[in-house]
Amino acid sequence: MSQQLSHQENEYNKLIKIFDFRLPHRFKLIGYLGVILILAFLFGHKFLVDGSLAIITKDILRTLILLFMLFASLSRDTFEDEFNRYVRFQSYVIAFVCAVVYSISIPLIAILLDILITKITGDGTISFYEISSFEVLFILMGLQLLFFETLKRFGRA
Amino acid sequence: MRNRLKVERAEFDLTQEQLAKKIGVSRQTINSIEKNRYVPSTILALKLSEVFNKSVNELFILEESD
């Protein structure tokens, strides 16, 4: 019985260690810088160079954006304590709910608008707006970072 | 729940920064607790009670709405 308990405790402690895993603080700067640079490159390419990138290049850059956002999201703060952990937990929860609401509502809004426009134009074509995984993950992590910084600031005010 | 942290801190002539250092948290955490924006864990509440030499019940007071 006690052996089973200690095994359970070990498993629990392992889980807590995984849950508490954080990258060093410098990854926050690397993450933000990476995202800004890639976004600047994408916008610059689209509006200044006026050329379209190959799909594979776009996919790689999108994946890199998500990776850099993950770096920023998982990085340790300058001072990591229980308030920080609480705020981080809250930001993950809020971001998750918002991302789910976004994923459900945007296609519905798109369909409603499509129906409305079709009624006006009368061409009879209604298409379903598909949300990409990048869009959902970008919203999810973007909101998490935004809420984390905002909630921390509210606590500081 | 309200707390007497600010009063006690003033009595002990401690700044938020000094108190934060004593119990190993950030100044921001102390500020959030004082402004009732964050309810500390039992461990942190006990650390605070140790610093001010008062019981947790004396530092944190339950209100009717709690």
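In what follows, chains carry the letters A, B, and so on, assigned in the order in which the sequence lines appear, proteins first and then strands, with residues in each chain numbered from 1. Side chains are part of it too, since the values below use all heavy atoms of this structure and drop only hydrogens, waters and symmetry mates.
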## Note on the structure
Taking a cut-off of under 4.5 angstrom between non-hydrogen atoms, the residues of residues 40-56 of chain B near chain A are B/Pro40, B/Ser41, B/Leu44
### Task
Locate the shortest heavy-atom distance separating B/Ser32 from A/Phe83; write the atom from each residue and the value.
OG-CZ, 3.3 Å
#### Entry: All pairs passing side chain to side chain donor-acceptor pair (under 3.5 Å) where residues 94-108 of chain A contributes a residue, at least two apart
A/Tyr102-A/Glu135
### All ring-ring contact (aromatic ring centres under 6.0 Å, His included) counterparts of A/Phe27, not counting sequence neighbours
A/Phe71
### Query
If you draw a 6.0 Å radius around CZ in A/Phe134, do more than 12 non-hydrogen atoms from other residues or ligands fall strictly inside?
yes
### Message
Please enumerate all residues that pass side chain to side chain contact (heavy atoms under 4.5 Å, CB included) together with A/Tyr86, with sequence neighbours excluded.
### Response
A/Gln90, B/Tyr38
### Message
Counting only heavy atoms from other residues, nucleotides and ligands, does the tally under 6.0 Å from CD of A/Glu130 exceed 12?
### Response
no
### Query
Between atom CD of A/Glu82 and atom CD1 of B/Ile33, what is the distance when rounded to the nearest 0.5 Å?
6.5 Å
### Message
Let me check something: do A/Leu39 and A/Ile36 share a hydrophobic cluster, defined by ILVMFWY side-chain heavy atoms less than 4.5 Å apart, either directly or through other members?
### Response
no
## Note on the structure
CD (B/Gln28) and OG1 (A/Thr78) are apart, to the nearest 0.5 Å, by 8.0 Å
#### Entry: Heavy atoms from other residues, nucleotides or ligands near CD1 of A/Ile16 exceed 12 (cutoff 6.0 Å)
yes
